[in-house]
Amino acid sequence: MSTSPTSALVADPFPVLEDIRRAGRLVWNDAAKVWMLTAYDDCAAMLTDTKGTRFSVPGAVSPEAFFWLEAPALINTEGPDHRRLRRGLAPHFTAEAMRRRWEPRVREVVTDTLAPAVEGRDHLDLKEFNRIPVVVVAELLGVPDERHDDFRRWSDVIIRNLAYGNEGPEARRAMGAVIADATAYLNEEIDWHRRDRPDDLLTVMVDLPDWTAAEIRSVALSILIAGYETTAKLIGLALVALEGDPEQRRLVAEEPALLPNAMEEVRRWLGPSQAVPRVVVEEVELAGRRFAPGEMIYALLGAANRDPARWPHPERFDVLREVKPNLGFGLGAHVCIGAWLARLEVNAAMEALLAAVPRYGLREIDYGSSFFARGPERGMIDLAVTAPA
Ligand code: HEM
């Protein structure tokens with residue numbers, strides 16, 4: 001396992017987040033030159049700012065922050081363009097749409113993925129388990145099997161290097177190469193979708209009369225990237241949280257109806273998205289300070305999700321905790337559009353694993369170095385565990 005300072009922070013950011021939260025509601029990060037909000041209410045106020053003109057996603061103010069997206073997508077746009085793009089996709093991502101269109105397929109993919117466990121193999125590489133979100137997001141956009149590895153690689157490279165405009169030359173070169181490949185590939189995809197019209201999200205997008213081809217490519221690319229890595233990491237975090245607490249794991253394994261709440265608790269307690277950035281657009285007061293246009297603020301989701309003003313004993317992982325919405329999918333206009341899909345995948349994956357191997361083990365878990373999408377990147381799931389839970 002790597003021991004660089006970044007990797008050590010990513011492996012266990014919670015003591016550091018706790019120190020930051022203790023330092024106050026608003027803390028200056030001199031290394032990143034950003035302010036950090038640590039309280040749930042302050043983060044929620046910024047993310048749901050009803051005026052909608054006082055804070056912006058960085059990419060809408062300076063395209064440099066998402067230089068790898070060639071056109072307005074969702075995460076780099078505000079105002080009428082954002083609403084137009086979101087309106088086109090939102091009906092296809094509701095809880096109901098996901099259940100109807102995707103639940104049976106997600107369960108099939110989970111069953112295939114867990115076949116080795118059922119057939120008596122003694123371990124499963126985390127990478128094998130993580131094929132669930134690869135296959136699902138790829139099928140959502142109509143990416144054929146033979147391109148799944150490419151798309152996993154594109155997503156890895158972008159997420160690993162993501163720094164909202166602060167990427168160094170090496171990172172930019174790597175990201176640029178991936179974007180060139182992905183753009184060429186998406187152009188082919190869009191062409192055949194216009195022709196053959198398969199029943200998937202890319203056909204929905206090519207049919208939207210008010211979307212440009214560049215917007216389709218940028219939104220498709222951001223869904224490929226946002227939809228795989230974060231979900232894979234949430235599945236990994238769910239494995240870690242339950243394995244680390246055999247008593248709670250037993251509760252969930254014996255009563256699968258607890259699973260949706262347990263997974264909300266995993267997202268609160270460990271969630272992959274540790275921070276989301278905003279830029280101040282109009283002078284505004286927040287968390288006791290007056291901010292000037294151009295200042296950057298992070299909603300520190302990892303700290304806010306353990307805010308003792310909202311959750312009693314927030315440092316405890318408790319699958320029976322009364323569920324209150326947390327910030328693991330963000331909030332407000334940019335709240336994760338794929339939230340219901342991610343929930344469906346994580347719940348189905350964990351339900352099936354707990355049914356087949358309720359006392360699975362974990363080893364060689366490595367969190368890599370990505371803070372913005374944090375979670376296990378490598379590791380092994382032991383399937384032949386005989387020790388009592
Ligand atoms: C556990 C899995 C996931 C987590 C933790 C997660 C987290 C987030 C968060 C925190 C945001 C808000 C970003 C901000 O406010 O700046 C977001 C936005 C977004 N997510 Fe997810 N996400 C997950 C899965 C997915 C999936 C499965 C998809 C698509 C298939 C997806 C697509 C998006 C998109 C397109 C946005 C931008 C929405 C907008 O700006 O309007 N995400 N996600």
Side-chain angles (χ1 to χ4, degrees), residues 43-44 46-49 52 55-60 65-66 69 72-79 81-90 92-93 97-98 101-102 106 130 132-141 143 151 155 159 162 164 200-202 204-205 215 218-238 263-264 266-279 296-302 304-305 325-347 349-350 370 372-375:
C43 290
M46 178 171 82
L47 297 176
T48 57
D49 176 40
F55 304 100
S56 167
V57 287
F66 280 92
L69 288 174
L74 291 162
I75 200 59
N76 62 348
T77 313
E78 292 288 356
D81 273 346
H82 179 257
R83 285 192 289 278
R84 170 176 58 83
L85 295 171
R86 190 125 183 161
R87 206 168 38 235
L89 284 189
H92 303 276
F93 279 97
M98 283 301 146
R101 172 73 176 82
W102 284 101
V106 168
N130 281 346
I132 297 165
V134 174
V135 174
V136 172
V137 173
E139 289 188 8
L140 189 73
L141 288 164
V143 177
F151 130 61
S155 173
I159 296 270
L162 188 68
Y164 301 108
D200 62 35
L201 202 64
L202 209 51
V204 167
M205 289 195 252
E215 287 170 344
S218 289
V219 172
L221 188 63
S222 52
I223 286 178
L224 283 181
I225 287 161
Y228 154 58
E229 182 98 5
T230 42
T231 312
K233 287 184 169 170
L234 183 58
I235 293 175
L237 293 168
M263 294 302 104
E264 295 298 298
V266 169
R267 206 158 37 77
R268 179 194 74 79
W269 193 59
L270 291 182
S273 296
Q274 291 294 319
V276 292
R278 291 293 183 267
V279 177
M296 170 90 95
I297 308 178
Y298 282 176
L300 216 50
L301 310 184
N305 277 341
N326 66 63
L327 296 177
F329 285 128
L331 202 66
H334 291 276
V335 68
C336 180
I337 203 165
W340 286 107
L341 178 59
R343 285 186 176 103
L344 175 60
E345 292 178 62
V346 175
N347 293 356
M350 291 307 294
S370 169
F372 288 102
R374 173 188 179 265

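One-based numbering, in listed order, for ligands and for the atoms of each.
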(Q) Could you work out, with side-chain hydrogen bond (donor to acceptor under 3.5 Å, both in side chains) as the rule, every residue matching Y298, not counting sequence neighbours? (A)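 In terms of side-chain hydrogen bond (donor to acceptor under 3.5 Å, both in side chains), with neighbours along the sequence ignored, Y298 is linked to no residue.
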Q. Under the 3.5 angstrom rule, does the side chain of N326 hit a backbone N or O of E264 as a donor-acceptor pair?
A. yes
Q.
Treating S222 as the side-chain partner and S218 as the backbone partner, does any N or O pair qualify as donor plus acceptor under 3.5 Å?
A.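 It does hold such a pair.
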Q | Option from L341, D200, L201 for which side-chain contact (heavy atoms from CB on, under 4.5 Å) with H92 holds | A | L201
Q) Pairs in or reaching into residues 225-238: which pass salt bridge (Lys or Arg N to Asp or Glu O under 4.0 Å), with residues at least two apart or in two chains? A) E229-K233, K233-E377
Q. Can you list, by chain and residue number, every protein residue with a non-hydrogen atom closer than 4.0 Å to ligand 1?
A. L74, I75, H82, R86, F93, L140, I223, A226, G227, T230, T231, L234, P272, S273, V276, R278, G328, F329, G330, A333, H334, C336, I337, G338, L341, A342
Q: Mind checking side-chain contact (heavy atoms from CB on, under 4.5 Å) for L74 and listing every partner two or more places apart, or none if nothing turns up?
A: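 Here the qualifying residues are H82, L85, R86, L89, I337.
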